[in-house]
Amino acid sequence: MSAEGSSATKPAAIPAAAPAAALAGELTSKDPAAGLQSVVALRRLLWEVERLHVDNARDQGWTWQAIATALQVSRQSVHEKHASRRKAEGKED
Amino acid sequence: MFDRFTELAKRAIVASEDAALSLGHDFIGTEHLLLGLVGTAGTASEVLRQHGVELPRTRDEIARRLTAAGVPATGGQATVDALSMIGIDVSEIRRRADSAFGPGTFRFPRPAFTPRAKNALTLTLREATELGHERIDTEDMLLGLLAESEGLAIGILSAFDVDAAVLRRAVLDRVARQAS
């Protein structure tokens, strides 16, 4: 909502679709601040996308083990990360 | 961590995230946990209200303090911009996720708990254990929040002349009365 609202006033300096070379430049910047900021942004995006797809898999009846295998992590690790969260959100008994 | 939380306590957690998002803050601090507790029914909000801690003024005080401290209220726009710089269009992902999985399933950037807020939740578990509570309710959350003395929640309460120790005693009295 707030992010959506302010994206309309996004500074013109940020291109809607930056060319591939510019993208690679951003990810390989020698400026630690820029490089690390990209890492954090990607990590946070990864977390939200993981959450989305774990929820979708569970809603489609996937077992924790099947999800863990697909994510190439242990069942315990995926369970720790998502099971209690899903319970808290009322998505799981 | 939230397995043992009651329905009301879970609602208070969700209300904390909603509070952070609506204030445009890109994190959930102890102040947002306080706001979540004030705005959710239960023993915590009853005790808080008895001490004059109410939703609008708490919200205003938090906004005022964080703005004064230079905390951006842009809802994590910097993170969205950083992804835009590497060719990832967050609003397009959100649009498609909304249509594939339902509105609001993809929340980005989703505010995360600060270390102090996490500590307040850890202390919540400890308080509940000490009181012999099997389920964790809003009163345990308030005790945990008050035990995290470094958090901004305590500062917000002081601004209303509410002392953490006094509030803690009020919660414990209340819990003792409910048990008897």
- Item | Interface residue of largest heavy-atom contact number with chain A, from B/Glu7, B/Arg11, B/Lys10, B/Glu92, under 4.5 Å | B/Lys10
- Which of the residues A/Val40, A/Asn56, A/Leu45 is involved in the greatest number of heavy-atom pairs with chain B at under 4.5 angstrom? A/Leu45
- Query: For atom CD of A/Gln76, is the number of surrounding heavy atoms from other residues, nucleotides or ligands below 6.0 Å larger than 12?
  - Reply: no
- Query: Mind checking whether B/Phe160 and B/His51 have ring centres under 6.0 Å apart?
  - Reply: no
- Item | Which portion of B/Ile93 sits near chain A, non-hydrogen atoms under 4.5 angstrom | side chain
- Message: So for B/Ala100, is it side chain, backbone, both, or neither that comes closer than 4.5 Å to the heavy atoms of chain A?
- Response: neither
- Message: Does either side chain, that of B/Thr58 or that of B/Asp60, offer a donor lying less than 3.5 Å from an acceptor on the other one?
- Response: no
- Message: Could you measure the distance from the CD1 atom of B/Ile28 to the OG1 atom of B/Thr114? Nearest 0.5 Å is fine.
- Response: 8.5 Å
- Message: Taking side chain as everything from C-beta outward and backbone as N, CA, C, O, which of these in B/Phe106 sits under 4.5 Å from a heavy atom of chain A? Side chain, backbone, both or neither.
- Response: both
- For the pair A/Arg86 (side chain) and A/Lys91 (backbone), establish whether a donor and an acceptor sit closer than 3.5 Å, ignoring hydrogens and angles. yes
